[in-house]
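The structure appears right after this line, and notes come after that.
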Amino acid sequence: MSAMVRLEGVGRRYGTVRAVEDLNLEVDRGEILALLGPSGCGKTTTLRLIAGFEPPDEGRIEISGRRVAGAGAFVPPERRRVGMVFQDYALFPHLTVRQNVAYGLARDEKRNSRLSAVIRLARLEGLEDRMPHELSGGQQQRVALARALAPEPAVVLLDEPFSNLDAALRARVRAEMRRILLAAGTTAVFVTHDQEEALSLADRVAVMFDGRVLQAAAPEELYERPADPRVARFVGEANLLRATASGGRALCALGEVPLREPASGPVEIMLRPEQLLVDPSPDGPAEVLEREFYGHDQLVRLRLPDGERVEARLPGSRRLRPGGRVTVRVASPAVAFPRPAH
Ligand code: ATP
């Protein structure tokens, strides 16, 4: 697949702050990519660099095979064929839904048919003559998305697109947004600090820390095979245990654990809470410390014989009481990260 957006060695400083550093990223044609990371890691700056709201200090940016920034080139935002969906939607308050969506469309013979197609795609039929303040949050967001998609941009950029919606609405709007983006066949990059949002909406997630991409991978791979302990912790709950590896196995406080990839020497292993199998047993080596009950499942915090603590996720129907003794087995191989020897 050909890359629709490519960033190579991109850097951007604000005074002494390195917002983005040696950033490398490719977004394939038709792909939905999430930029995920903690506050201040450079997500918004990356989006603004792609959009052309600011120039990189270093590196190159290409959109659809064309150099738009770097090595002397700088194509302004309006000539990059990017569509933007802002956090607050930025709809024109004095224009109707139809006028908002039509805003970026050329005045040619295709205008009306394109307008109807986008309004249908975003399920805005019947709302065309309303003003933005007469719409729900979810509807406003669909207008913003339709306005961005109307001119058939090479890539749509979305900055924290769900942050203005309440929790109950979010999951539904998320699925709707994915449907619209897939139906439009557009390439999209969206920024979020919410791992669930990234994993559920994106085809691929780029996890950023300190201005760099630590890993870019499909949601399943990121969750099951994080490349770095920070990624492991950011995309879900992670038990990280000191261990000593030899070939395909590692010895840790849980005993001998199989590894996904062979390793040797001091390592840190990562197990998701659902990889631990816990059974009550009067003389079990581990103790239940706490339990958080969620209905369909529960998270139990356990103390292992050497004092290390782990979390396990179990079906809600299992009866485990704080203070009870349990055995802990590992259901599937762990990921190992190198650990510097002390
Ligand atoms: P958040 O999730 O909080 O929006 P982010 O990951 O989008 O964060 P950026 O907004 O890209 O992060 O900011 C990256 C770093 O650059 C931060 O340290 C931020 O304070 C700094 N920064 C961003 N914009 C500017 C600016 N215009 N002037 C000075 N510093 C800036």
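First listed ligand is number 1; within each ligand, the first listed atom is number 1. Please read these numbers as outputs of a predicted model, since none were measured by experiment.
At a 4.0 Å heavy-atom cut-off, ligand 1 does not touch His193 at all.
Taking every heavy atom of both residues into account, Val173 and Gly138 meet most closely at CG2-CA, 4.3 Å.
Remark: minimum distance from atom 2 (O) of ligand 1 to any protein heavy atom is reached at Lys43 NZ, 2.9 Å. At the top of the distance list for atom 7 (O) of ligand 1, counting protein heavy atoms only, stands Thr44 OG1, 2.7 Å. Looking only at protein heavy atoms, the nearest one to atom 11 (O) of ligand 1 is Thr45 OG1, 2.5 Å. In terms of protein heavy-atom proximity, atom 3 (O) of ligand 1 is closest to Ser39 OG, 2.6 Å. The nearest heavy-atom contact from the protein to atom 18 (O) of ligand 1 is Val17 CG1, 3.6 Å. Looking only at protein heavy atoms, the nearest one to atom 24 (N) of ligand 1 is Tyr14 CE1, 3.3 Å.
Between the CG atom of Leu49 and the OG1 atom of Thr46 there is a distance of 6.0 Å, given to the nearest 0.5 Å.
Residue nearest to atom 1 (P) of ligand 1, selected from Cys41, Ala19, Gly40, Pro38: Gly40 (by heavy-atom distance).
In summary, the side chains of Arg174 and Ser200 do present a donor paired with an acceptor at a separation below 3.5 Å, with no hydrogens or angles considered.
Put simply, the side chain of Gln140 gets close to the backbone of Leu135: a donor and an acceptor are under 3.5 Å apart.
Taking a cutoff of 4.0 Å between a charged side-chain nitrogen and a carboxylate oxygen, Glu268 and Arg242 do not qualify as a salt bridge. A salt bridge is absent between Asp159 and Arg48: the closest approach of a Lys/Arg side-chain nitrogen to an acidic carboxylate oxygen does not fall below 4.0 angstrom.
Judged by the shortest distance from any of its heavy atoms, Gly42 lies inside the 4.0 Å radius around the atoms of ligand 1.
Just one residue in the list Arg301, Arg303, Arg272 forms a salt bridge (Lys or Arg N to Asp or Glu O under 4.0 Å) with Glu311, and that residue is Arg301.
Contact annotation for atom 20 (O) of ligand 1: protein absent (non-hydrogen atoms, distance under 4.0 Å).
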